[in-house]
Amino acid sequence: MGNLKSVALLLLFTFFVLHLPFVESDWFINYHIHVTNDLPLLNSPPNQPNLFLHCKSKKKDLGERPMVKGQDYTWDTKVNFWRTTLFFCRASWVGRKTIRFDAFVADRDEMTCRHYHNSCMWSVREKGIYFSKNNATWGNMYPW
Ligand SMILES: *[C@@H]1O[C@H](CO)[C@@H](O)[C@H](O)[C@H]1NC(C)=O
């Protein structure tokens with residue numbers, strides 16, 4: 001009986017050691033989501049917010065925030081067990097346009113966002129909402 005217990009323990013231990021890299025890389029990653037206001041200052045004075053951003057998931061409301069040019073709206077999230085984690089935002093360019101976009105969709109973004117410090121980077125610009133996985137090249141994913 002004692003032997004069987006040791007074997008069982010050894011198997012359990014081996015299982016965990018073998019799965020550790022998987023567990024660490026997949027389930028415990030903290031993703032950093034950034035949404036930066038890179039809108040041009042057209043009629044609004046520099047210190048006046050020209051963008052209102054409101055991001056949330058089904059479970060968590062991050063609140064609406066007025067944003068001046070250059071300001072960053074950021075939060076962290078992990079991917080849930082079912083990989084259904086979803087954060088979406090509403091961006092309102094004051095007096096101009098409003099759009100809703102998905103800022104983090106687990107099965108769309110988790111691999112992509114691992115390229116650069118586990119960060120998903122969004123930039124609100126004159127032509128739409130841009131995404132970058134490396135903070136260098138940007139693509140317009142949600143034109144206004
Ligand atoms: C992206 O690059 C800019 C400078 O070009 C820097 O200010 C910013 O912190 C970077 N963002 C991240 C998430 O590292």
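Keep in mind that the numbers below use all heavy atoms, side chains included, and drop hydrogens, waters and symmetry copies. Both counts, for ligands and for their atoms, begin at 1 and track the order of listing.
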A.B. asks: Does Trp138 have any ring pair (Phe, Tyr, Trp, His ring centres under 6.0 Å) partners at least two apart in sequence or in another chain, and if so, which?
C.D. replies: none
A.B. asks: Does the side chain to side chain contact (heavy atoms under 4.5 Å, CB included) test come out yes or no for Val79 and Ile29, once each step is laid out?
C.D. replies: CA-CA 8 Å; Val79 168; Ile29 288 184; over 6 Å; no
A.B. asks: Determine, stepwise, if the pair Asn134 / His115 fulfils side-chain hydrogen bond (donor to acceptor under 3.5 Å, both in side chains).
C.D. replies: CA-CA 6 Å; Asn134 56 15; His115 280 96; over 6 Å; no
A.B. asks: Closest heavy-atom contact between Asn50 and Val68?
C.D. replies: OD1-C, 4.3 Å
A.B. asks: Between the side chains of Asp102 and Arg100, is the shortest nitrogen-to-carboxylate-oxygen separation below 4.0 Å, so that they form an ion pair?
C.D. replies: yes
A.B. asks: Please say whether the positively charged group of Arg65, taken as NZ for Lys or CZ for Arg, lies over the ring of Phe52, i.e. under 6.0 angstrom from the six-membered ring centre and within 45 degrees of the axis.
C.D. replies: no
A.B. asks: What does the 4.0 Å heavy-atom contact list look like for ligand 1?
C.D. replies: His34, Tyr116, Met121, Asn135
